[in-house]
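Worksheet: one structure, shown below.
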Amino acid sequence: MALRTRFAGGRGVSAIALAISTIAVSGTANAQDAAPQDEAAVADGAIVVTGFRASLETAVNKKKTSEVIVESIAAEDIGKLPDASIAESIARLPGLTSQRLSGRSNSISIRGFAPDFSTTLLNGREQTSTGDNRAVEYDQYPSEVVSQVNVFKSPMASLIGQGLSGTVDMRTIRPLDAGKQIITIGARGSYADLGKLNAGSKDFGYRANALYVDQFADDTVGIALGVSYVDEPYHIQEFNAWGYPSDAGSAVIGGSKSYATSTQLTRLGLNGTLQWKPSANFTTTLDAFYTDFKDDQIKRGIELPLYWSAATLSNTTRSGGFVTAGQFNGVKGVVRNDVFQRNAKLYSFGWNNKYEGDDGWNALLDLSYSKTDRNELNIESYSGTGRGALGATDTIRFTSGTNGTVFAPTLNYSDYNLILLTSPQGWGGTQIAPNGTSIVGGQDGYYNDRIIKDEIWQIRAEVSKELDGFISSVQLGGNYTDRSKALVPDEYFLGLTANTNGTTSVAVPSQFRLGTTNLSFLGLGPMISYNPLALLDAGIYKLVPNAYGDVVVKSYSVKEKIFTPYIQANLKGTLGSADLTGNIGVQANFTEQQSVGASAVFLGTLPNGAPNIGARTQSDTNRYTDVLPSLNLSLRFPSDLVIRFAAGRQIIRPRMDDMKNSLSFGYTITPNPTVPGNFIANVTGGSGNPALRPWRANAIDLTFEKYFGTKGYIALQLFYKDLKSYVYNQDVVIPTSDLVLTPPNQANVTISPNAVLNVPINGKGGELYGLELAGTLPFETFSQALSGFGITGGVSYTETKIKPNPGAPAEDLPGYSKWVANGTLFFEKNGFNVRGSIRYRSTFVGEVSGFAANRVRRRAAPETIFDAQIGYDFQEGSALEGLSLYIQGQNLTNEPFVTSNPGDARQVIDYQTYGSRFLAGFIYKF
């Protein structure tokens, strides 16, 4: 019998969606045979389903027939709404959400866990990351070359590389499964309504893509080629407060570092698949995926040292223990023109060989390689009225509230004769490098180049045998993964070449002046604008190597070798009138991890006055084993009710920066209570832990799912995780005699016999549990008068009782929101399609960008984000058949990202607005 479907939408929506629908038809025939015949378009025995509802049907069918608890989206859904990144679409799945970075979603939280607790696969293979740890950043993956995304929430023995909160598996198209030639092209234009925030920035962008799928040699050879190119701007209006000290019992802004930030994102994505099926029993598949990702960012703003400076506070207005308005006198502002350039190249290759014997014996051999080369350059450039104590100061009025602080200065920060290249605060003082170069009277900026390499080799083999009886088949296999990740920092002080006396400031040469950048959203007006890279290339700036120990200890390398044997029995039987299906198995992880790092060693002072800092290399290897049993059972009733139960042990390996074998330390000088006039140097510092073990949890899931054929469903999903192991930071005391210490730069100082180091260690975690209510409901299920209308989405509630610090109260995990909700209301009929989407998450601990692109965790306010689309697909018989047009709006209410100090929403730390984005485009299928 045919797949139960009734779609009135046109055929020219998305060629990838058509291919996926074809795959669903060919790959899940058994499940579809049970569905009643409907009014689907049937020609020569083939069922043609297209459009957004077709993609939803594919996802519903995947969920219904799966033996694990899974959420799924198909290609048309990914490719059209919204598609700034795949993460935008994944975040609409039940129990999932995302955090925005530069206005776009690039990471996913599953069931209240941070992105570090999940893993991401591409065609079932582990992938390297463009981040500092394991979490994949999804804006590296063009939505146009991904055909389907499956999010596995329960473990399974044969699933390699699974995470603790879930496993995201992105799938590319298989040309032999598509079964027909597909040629499609698409393009869109985008507009960022914040406008051109920075001098030289853009507000319009574009993206283009093409896909070719075909079969040859009597359908024994198949090829799929996809390409996507993006060149789009993103803008941020950023307010940031240093903090809120107390003045006479009232909190007041301590300082501000706020920017107008403009990003130009360019990404070339290529994907190719070659399949060969020389016989009915054997298929070999070659995959290649490549992205070249560039994130060029300029940040222009004014850093204002206020209460935490020599400035004085006056004329205040106070309310409820908070200074809502006032005036700072004697402010020495630091005008910032900062550059952040992030370049990443990601390579992924795979070779899969699959044998399916007529006698029930099957075999699999899969080899893969993933590599990421990433370079992050961060340049800070300072300017102001004069070096150090020289130059004019400002009198600034301010008003603070729940949207941050707005200022009213008296100086004109757009005057190139007043605002000069200099070190207004004298940060860094005089520095002499080992090569003899120096800065005098303060650094004029900072240059930080981070070089990261990540590499994974993987080989997997499996044999399976189909059986008669309750155990329908048995899979026996093994996987070997070899991963290495290394970070090397290259850091310099930035100094003016002309400043040889410690008092010189330099006006920006006229040929490098880029006009002004408007900071009106902060009340600061226009400011001078230039590109510090151009000044460096022209020799106006010079680089002075930073050879201090805090740079030495940032470098590290982590290697992992993991052997994973597994056995899984697949089950199929009956229990009364219901079918009982599922699997039971066990997976073992034999892990060897090696971490190489360094601690700084003071070797004295060079003749030129520079400190001579060496490095003591440290290397440690550790081995451990995890045994991961799993059980998945599905009770399938004739009424299309499915009850699932899953249980298993889940793990996620520790963060790589927590594993680094590096040690940093410094001194806190305090008076010696027993020897008047003398002092004690208390040694404090931090270290990674090369012996860290994974986070481990025992997990249970229970779900109740009611299906309406393969068109829709509603589900109640309950889950519970007991974290047996958690990684938290703890102070440990070690003898200072174990350290190679730099002598304190002060007389009459004795070093304390013990040092206090903060290190990550393994400890007990706690409980996390919740429920998810999800569904996809075409309204024609209830009445044919509502044909074309429908809704999809879900709401989840999660409770946590995890205590990351022993003896402390339970606290929220990074990325945890108690409530997460999302929904899409759609209409699709006769070629017309209209959709509106909403995503909500309650307050959470989020990550924002700190110094030199380091991530900083802060409490974020709730978010509600609205997106919408309207489109038309030209119908069969039209001269434009195959053409689809659409208009989209993203973040239509300009929802801000807000963090604040606990207890007072007026003490805003971050207030970022990204603006709305509007897009118009087409897809044409030949």
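Nothing fancy with the numbering, it's 1 onward along the sequence.
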Checklist entry - Within the side chain of T516, is there an N or O that forms a donor-acceptor pair under 3.5 Å with the backbone of M527? => result no
Checklist entry - What's the shortest heavy-atom distance between S258 and E238, and which atoms? => result CB-O, 3.1 Å
Next on the checklist: Does the plane of the ring in W819 sit parallel, tilted or perpendicular to the ring in Y797? Use 30° and 60° as the thresholds.
Outcome noted: tilted
Item to check | R300: which of N337, D338, N518 passes side-chain hydrogen bond (donor to acceptor under 3.5 Å, both in side chains) | outcome: N337
Item to check | Any donor-acceptor N or O pair under 3.5 Å, side chains S817, Y840 | outcome: no
Checklist entry - Where is the tightest heavy-atom contact between I396 and L304, given as atom of each residue plus distance? => result CD1-CD2, 3.8 Å
Item to check | Flag for S109-R841: side-chain donor and acceptor within less than 3.5 Å | outcome: no
Checklist outcome for this item: Here the salt bridge (Lys or Arg N to Asp or Glu O under 4.0 Å) pairs for residues 308-334, sequence neighbours left out, are D247-R318
Next on the checklist: Could you check whether any side-chain N or O of Q341 sits under 3.5 Å from a backbone N or O of L377, counting only pairs where one atom can act as donor and the other as acceptor?
Outcome noted: no
Checklist entry - What closest approach, in Å, do A697 and L164 show between heavy atoms, and which atom pair accounts for it? => result CB-CD1, 3.9 Å
Checklist entry - Should the pair F117 and W695 be assigned to parallel (<30°), tilted (30 to 60°) or perpendicular (>60°) ring geometry? => result tilted
Checklist entry - For S423 and Q443, what are the C-alpha separation, side-chain angles and deciding distance, and is it a side chain to side chain donor-acceptor pair (under 3.5 Å)? => result CA-CA 6 Å; S423 180; Q443 67 195 61; over 6 Å; no
Next on the checklist: So that I can tick it off, tell me whether R387 and D444 are bridged by a salt bridge, with the cut-off set at under 4.0 angstrom between side-chain N and carboxylate O.
Outcome noted: yes
Next on the checklist: Here's one to test your reading of the geometry: is the NZ or CZ of R917 within 45 degrees of the ring axis of Y234 and under 6.0 Å from its centre?
Outcome noted: yes
Checklist entry - Looking just at side-chain N and O atoms, do S837 and D867 make a donor-acceptor pair shorter than 3.5 Å? => result no
Checklist entry - Y244 vs F322 aromatic rings, parallel, tilted or perpendicular, using cut-offs 30° and 60°? => result tilted
Checklist entry - Do the side chains of V727 and R655 get nearer than 4.5 Å, heavy atoms only? => result no
Checklist entry - Between D132 and R450, is any pair of side-chain heavy atoms under 4.5 Å apart? => result yes
Next on the checklist: Has N403 got a side-chain atom pairing as donor or acceptor with Y911's backbone, closer than 3.5 angstrom?
Outcome noted: no
Checklist entry - With side chains defined as the heavy atoms from C-beta onward, is the minimum distance between V252 and F328 less than 4.5 Å? => result yes
Item to check | Closest non-hydrogen atom pair between L771 and F719, with its separation | outcome: N-CE2, 3.9 Å
Checklist entry - Can we call the ring centroids of Y446 and F493 under 6.0 Å apart? => result yes
Checklist entry - Side chain of T402, backbone of A905: donor and acceptor closer than 3.5 Å? => result no
Checklist entry - Is there a donor-acceptor contact under 3.5 Å linking the side chains of Q907 and S900? => result no
Checklist entry - Any side-chain heavy atom of V331 sitting closer than 4.5 Å to one from T395? => result no
Item to check | CA sep, side-chain torsions, deciding dist, call: S752, N754, side chain to side chain donor-acceptor pair (under 3.5 Å) | outcome: CA-CA 5 Å; S752 172; N754 293 313; 5.7 Å; no
Item to check | D296 CG to F340 CZ distance, which is reported to the nearest 0.5 Å | outcome: 10.0 Å
Checklist entry - Does any donor atom in the side chain of D394 or T410 lie under 3.5 Å from an acceptor atom in the other side chain? => result yes
Item to check | Under-4.0 Å salt bridge between E799 and K801 | outcome: no
Item to check | Heavy-atom side-chain contact between N689 and I761 under 4.5 Å | outcome: yes
Checklist entry - Between E137 and R342, is the closest basic N to carboxylate O distance under 4.0 Å? => result yes
Next on the checklist: What verdict does the side chain to side chain contact (heavy atoms under 4.5 Å, CB included) test give for V323 and F398, after you've listed the backbone C-alpha separation in whole Å, the side-chain angles of each residue and the deciding distance to 0.1 Å?
Outcome noted: CA-CA 10 Å; V323 179; F398 70 93; 3.9 Å; yes
Next on the checklist: Given 3.5 Å as the limit, does a donor-acceptor pair link the side chain of S118 with the main chain of P115, or not?
Outcome noted: yes
Next on the checklist: Determine whether a donor-acceptor pair (N or O, by modelled atom type, separation under 3.5 Å) exists between the side chain of S687 and the backbone of S662.
Outcome noted: yes
Next on the checklist: Could you go through T864 and I838, starting from their C-alpha distance and side-chain angles, then the distance that decides it, and tell me whether this counts as side chain to side chain contact (heavy atoms under 4.5 Å, CB included)?
Outcome noted: CA-CA 7 Å; T864 304; I838 181 174; 3.8 Å; yes
Next on the checklist: Restricting to non-hydrogen atoms, name the atom on R906 and the atom on G320 that form the minimum distance, rounded to 0.1 Å.
Outcome noted: NH2-O, 3.1 Å
Item to check | Result of checking I90, N822, V820 against L96 for side-chain contact (heavy atoms from CB on, under 4.5 Å) | outcome: I90
Checklist entry - Are side-chain N/O atoms of S529 and N198 paired as donor and acceptor at under 3.5 Å? => result no
Next on the checklist: Do E895 and F866 make a side-chain contact, defined as non-hydrogen atoms from C-beta onward lying under 4.5 Å apart?
Outcome noted: no
Next on the checklist: Is any side-chain heavy atom of T517 closer than 4.5 Å to one of Y259?
Outcome noted: no
Checklist entry - Taking the side chain from S246 and the backbone from A251, do they hold a donor-acceptor pair closer than 3.5 Å? => result no
Checklist entry - Is the side chain of T798 donor-acceptor paired with the backbone N or O of Y769 at a distance under 3.5 Å, no angle test? => result no
Checklist entry - Is there a donor-acceptor pair closer than 3.5 Å between any side-chain N or O of S129 and the backbone N or O of A135? => result yes
Checklist entry - W242 versus L306: any side-chain heavy-atom pair under 4.5 Å? => result no
Next on the checklist: Using every non-hydrogen atom in the two residues, find where P760 and D658 come nearest and quote the distance to one decimal.
Outcome noted: CG-O, 3.5 Å
